[in-house]
Number of protein chains: 6
Amino acid sequence: MRLLLINPNGTSSMTAQASRSARQVILKSTDIIEKTGIGAPLSIEGYADEVMSIPSMLAQIAEAEADGAEATVIACFDDPGLDAAREIAAGPVIGICQAGVQAAMVLAKRFSIITTLPRSVPAIEDLVYRYGAERHCRKVRSINLPVLSLESERAHAYSVLLGEIAKARDEDGAEAVVLGCAGMSDLAGKLSADTGVTVIDGVIVAVKLAEALIGAGLKTSKTNAYAFPRAKGNSRDESKSRSRGFQAAVQTSI
Amino acid sequence: MRLLLINPNGTSSMTAQASRSARQVILKSTDIIEKTGIGAPLSIEGYADEVMSIPSMLAQIAEAEADGAEATVIACFDDPGLDAAREIAAGPVIGICQAGVQAAMVLAKRFSIITTLPRSVPAIEDLVYRYGAERHCRKVRSINLPVLSLESERAHAYSVLLGEIAKARDEDGAEAVVLGCAGMSDLAGKLSADTGVTVIDGVIVAVKLAEALIGAGLKTSKTNAYAFPRAKGNSRDESKSRSRGFQAAVQTSI
Amino acid sequence: MRLLLINPNGTSSMTAQASRSARQVILKSTDIIEKTGIGAPLSIEGYADEVMSIPSMLAQIAEAEADGAEATVIACFDDPGLDAAREIAAGPVIGICQAGVQAAMVLAKRFSIITTLPRSVPAIEDLVYRYGAERHCRKVRSINLPVLSLESERAHAYSVLLGEIAKARDEDGAEAVVLGCAGMSDLAGKLSADTGVTVIDGVIVAVKLAEALIGAGLKTSKTNAYAFPRAKGNSRDESKSRSRGFQAAVQTSI
Amino acid sequence: MRLLLINPNGTSSMTAQASRSARQVILKSTDIIEKTGIGAPLSIEGYADEVMSIPSMLAQIAEAEADGAEATVIACFDDPGLDAAREIAAGPVIGICQAGVQAAMVLAKRFSIITTLPRSVPAIEDLVYRYGAERHCRKVRSINLPVLSLESERAHAYSVLLGEIAKARDEDGAEAVVLGCAGMSDLAGKLSADTGVTVIDGVIVAVKLAEALIGAGLKTSKTNAYAFPRAKGNSRDESKSRSRGFQAAVQTSI
Amino acid sequence: MRLLLINPNGTSSMTAQASRSARQVILKSTDIIEKTGIGAPLSIEGYADEVMSIPSMLAQIAEAEADGAEATVIACFDDPGLDAAREIAAGPVIGICQAGVQAAMVLAKRFSIITTLPRSVPAIEDLVYRYGAERHCRKVRSINLPVLSLESERAHAYSVLLGEIAKARDEDGAEAVVLGCAGMSDLAGKLSADTGVTVIDGVIVAVKLAEALIGAGLKTSKTNAYAFPRAKGNSRDESKSRSRGFQAAVQTSI
Amino acid sequence: MRLLLINPNGTSSMTAQASRSARQVILKSTDIIEKTGIGAPLSIEGYADEVMSIPSMLAQIAEAEADGAEATVIACFDDPGLDAAREIAAGPVIGICQAGVQAAMVLAKRFSIITTLPRSVPAIEDLVYRYGAERHCRKVRSINLPVLSLESERAHAYSVLLGEIAKARDEDGAEAVVLGCAGMSDLAGKLSADTGVTVIDGVIVAVKLAEALIGAGLKTSKTNAYAFPRAKGNSRDESKSRSRGFQAAVQTSI
């Protein structure tokens, strides 16, 4: 089976890292298409970064499905454009926050999430609520480091994460911790080993969930909210507006 | 005071209609800047339409603030890009769904919302939850007509709306009705007169709320989640990535 | 336009202070009627104080509407008698807690409230829930000072408020603070300037919201829960019970 | 033990009816003090009726506790003034809505409430939320008859109630029905026998719950929100304001 | 009237203690049947302990009803098997957690619960949510002592409880404390006296609530979810499966 | 990898059917151990059936893990004993209700559940709340047929299910339907094909999710609530109580 793993931001080294994590767990028969955001912010650290990354991501998803991708994993913990992606995709679309949260609800009674910057905390809290985990998630914590310093200040970031996991366990009563940034993906195993806490990386569980849904023969429902967009064009080229489909529209806009 | 009234979709006749509604209620001293989505879908009827309209809308908001706009009203009932707009704007940013819902919570104990297509119902329900109105909003209803037919099939749309308001009152126990599309703005007064029900148009209340917040001297908090985006550029032009601000980034991407 | 600003407690210096705040922000064309509770507790510091202040407040609202008031602002953060006031009034009735909370939900993702005595915390928490802000409000804090000491120990109160706002920002992650007592109204501007946090005073936003709703042509829905009271008199004078309206009833009881 | 059964409205025949229901179930050793609202509306059918009935009710509760009442039952389904009553009383104060809802949560998984007028539905829904029963209560229904017609049109009211209970069972899946008005108290037994549904009368369960809490030696917590009101007088007679307690204050105001 | 007080765990000294508490508050006319879990874990400290104690408990409840018990109190704070017990019993079945929580919601605005081991905290939080008390319960705390050490290390347990009640009052703003283990039952009075906080023991309030519901003539609704189990036998003896009732089934399985 | 698929009821033909569904989707490398409840009710149709099935199920899970099972799927839509099973198991334990609900939240905005008997509706609603899907699940419906008639009246059951799916789509606005009984497992594909609605079978998605979690290297967190039971024996054999582990205890009790 073929999966799209898309990193909506514009930093290809982060895509590579997420892909390495994914490749450690996928089935032999799984073929991963990697994509990095085109013209997107170098990291997603707020609402504007999020929305700026989505139009090109949608075009890339459409392209990947045309190339045979049966499911899509969005490798950014804000799950940017998740509803829109489900609308334009035929296959299942998995956000790493939703996947991480769902796994945590199966493996533990209470968990905490640890993200990068404090400014991302409210956005992730809103996702926790949207995914129905507000009674299971004790706290969304941050390590107060920008996304890109997960690469540039690796040892420091690791040490701060260790301390924050200990606080989650001791102060929050968290029984599991979900890593709140795709850029932390390759640290999950070592953090789990070093702390004894169940540490969940959203990239890994999202990729496995994508394989699972394909294996179950399930696709995104096209009955109502996630039905394909109605064809009507956009305002630059109104003459074509009734005859153009979604893919043309997204290509125009990026 | 100067307000931006932005219609994020690409249909300028809808902008004009919303503007007419707004101009009927604004203060003499208020100066409205009207903007229509550039390169945006002709109507917002789903998640993909929403996200495709946001990047250019953000650039237009930044531009309007540079031209002296003290507050922004987003004239689309899905409140597309509301968080992102608050992040890039200094002044208050008002979504017509949030404004309509807040007014309904002040004027009535229970209300319903009436939108255009059934596919928009779940998105609006999610907004109702997000704005904390899930205990006040009885139902999100739809008239099963596309947005643009509010203009092209005006009499029919009016008659269907009349029937749906009656159902909201009689079946839902709704004491007020919020019109769930900016394109219904100019019908609010007549619908209210014809049904005896309090009919709330989001455009009108949003514009008045914008004037109110400016008058109160309040701006968007820049303390955490809505702080201006961190400068770091985007992936097309990485060499500039540390020195560019948001406005440059959005201009690149549209 | 004419507004009623009613302080339901019996301390006229507090009415004067709230009125000064209001007059700094109202439109030139707005005419404020000020009223102070008659026979009411000198401050509202608990449920009994609240309910003791309501009957005379309702009579005063009816009187003010007879004198041309188009909207009412109840200048007490417990929003005492808000539903009852909406039932007897034709125009919109705004509580300063609801107005403050609604403004905070527009201007920030997360906020805290700071009130006077700890005993008021649960009542305000219940209001936060009622207004649907339980996911946006981080904490209701108190400075452990009685309402009247906001006047008598002004410098001390100011300094304690400064400290509590810092805690709200640092411990709660609050991006805005709503002042939880009408008696704090004149401190909002200076507190905001001194802390850099968006500080919201309910009196100011309520008065502006009242102007906005009048400007929008909206009134309280009379369809069901807020319909005018049914005429049936009260038990002291049963012979008249079928022919007396609400106003007579409230005048009897105070 | 001595209980106060207070009907906050001004119709003494309703007090007598509630008292008859109570006397059928109380212990031999229980002594009921009956009180009817003084100067109160003849029925409680809306928010204004509610708040107009509370000041005299509080004075009567204080009086009854001075006469040895160990607990209070407020015999009106809107639970008017419940928090205020708990603040001024030493003993437990039971509202018949809360008691009915708590009993229903013990005896059934899902229940509905049937009240008199449609205008009371939102107020009772708010109580259902407040008592944490929103996931157990299927629907608040009304029979569209005024409170006083429960006495004047008895046979008709009974027949309409029968039909509404059937709807609650068949349409709502209600396993129990709580009668949403003290004036329905004497119908509970016959309705239960005629429909086979568990019909719960709030007066009966409230009186028994009052006996139970007295028997358990429990009183209202005076630690914070329900602490006795702070002494400070009211605005008619400020000279006494520091030395007067609550009872004097309520007596002044009625 | 005759009540069953069943301790689902296998430690008879805990049954005796709960029974002593109950006997201090029951009516003279009440006759308590005491039962201790047969083949059950010696304490209930987790989900497996819970479910292992239920089958024999159900058989004992059926037996007690056959012997004339009109109501059942399950004396374990996890309320194990509460729904199942209501399904097989005709009379009301009261769990001490639900009873304690309901009493706390009547006597105080905010309360905390104090249990034994940290591992029980999430289970009790889930009960708090199930009983609709999530807005009233500030925190579920633990003293980090196993259930059986409430007997073996009595003085130490008492002193730790004292400290935890002080924290609940000072850190949580709790106005009442519910003791979260039947084994703490005999400490409630002294803890309340020593701390000044309203301390609620679930055993005591459950027994009084059971008397109250019997006195009110109410039974478990048999309309839907709590209808008696359908007869169909179990898999060891399929030949009898259509003719056997519940009691036979539970006796087979223990 | 080796999975346990356990049907907690005592009907082996239902186990066989669930197993056939599972075997159609599992990986080639997956080895399924099938188990049927021992001494368990022939179907799970209520709370008593549930709890009677759990003790033997726990023993069977312990046994299967000893035989190398790396994850467990409980093939009953009430998810009986899910928390207890997670406590005694080292590997992940998946309930088919939770798995079905999680898949529905990924594939659709709104879904409904269709179960067998009306008496199961409240129990499933409680699970929906527990799994955080109360905002996504429109309705829990029933076809009013006992579990075993899914086998004995197959054609009739199919036709009733078809009608109920149509109602879910048309009346509820459901975009997907989750089948609310393991006994419906083999109908999912045909129902989906015949109605065009996304029909989700919990058995299939649970088995795939189990494979996914094993593949991700994740196990049940043993940090707090799901830590293995504390050794202390049970009341039949108190002499051994400090030295016996869980497995011995469950074997004694069945």
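These values consider heavy atoms only, across backbone and side chains, with no hydrogens, waters or symmetry-generated copies. Throughout, protein chains are lettered first and strands after them, A, B, ... in sequence-line order, and every chain is numbered starting at 1.
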Trainee: CZ/E/Arg230 to CG/F/Leu117 distance, rounded to the nearest 0.5 angstrom?
Mentor: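 These two atoms lie 5.5 Å from each other.
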
Trainee: Please classify the contact between E/Phe228 and chain F as side chain, backbone, both or neither, with a heavy-atom cut-off of under 4.5 Å.
Mentor: backbone

Trainee: Which distance, rounded to the nearest 0.5 Å, do you find between the CG of E/Asp126 and the CG of F/Asp126?
Mentor: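 Answer rounded to 0.5 Å: 11.0 Å.
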
Trainee: Just give me the residue among F/Pro146, F/Ala84, F/Gly46 that pairs up with chain E most often, heavy atom to heavy atom, under 4.5 Å.
Mentor: F/Ala84

Trainee: Flag the pair F/Met52 / E/Leu58 as yes when at least one side-chain heavy-atom distance between them is below 4.5 Å, and no otherwise.
Mentor: yes

Trainee: Could you go through the side-chain contact (heavy atoms from CB on, under 4.5 Å) check for E/Arg130 and F/Arg130 one step at a time?
Mentor: CA-CA 9 Å; E/Arg130 174 176 163 189; F/Arg130 174 175 163 189; over 6 Å; no

Trainee: Given a strict heavy-atom distance threshold of 4.5 Å, which part of F/Pro118 is in contact with chain E: side chain, backbone, both, or neither?
Mentor: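 Contact with chain E: backbone and side chain both.
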
Trainee: Please look at F/Glu45 and chain E and tell me whether the side chain, the backbone, both or neither of the residue comes under 4.5 angstrom of a heavy atom of that chain.
Mentor: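 For F/Glu45, the contact with chain E is made by backbone and side chain together.
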
Trainee: One thing to verify: whether F/Lys232 and E/Asp49 come together as a salt bridge, which I'm taking to mean a side-chain N less than 4.0 angstrom from a carboxylate O.
Mentor: yes

Trainee: Taking every heavy-atom pair that is under 4.5 Å apart, which of E/Ala227, E/Ser53, E/Gly37 has the most such pairs with chain F?
Mentor: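 Highest number of heavy-atom pairs under 4.5 Å: E/Ala227.
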
Trainee: Kindly check if the number of other-residue, nucleotide or ligand heavy atoms within 6.0 Å of NZ (E/Lys222) is above 12?
Mentor: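 Yes, enclosed.
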
Trainee: Between F/Leu82 and chain E, which part of the residue has a heavy atom less than 4.5 Å away: side chain, backbone, both or neither?
Mentor: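 It is neither, since no heavy atom gets under 4.5 Å.
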
Trainee: How are the rings of F/Tyr226 and E/Tyr47 set relative to one another: parallel (under 30°), tilted (30 to 60°) or perpendicular (over 60°)?
Mentor: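 Geometry flag for E/Tyr47 against F/Tyr226: tilted rings.
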
Trainee: Would a 4.5 Å heavy-atom cut-off, applied to side chains only, mark E/Pro55 and F/Val51 as touching?
Mentor: no

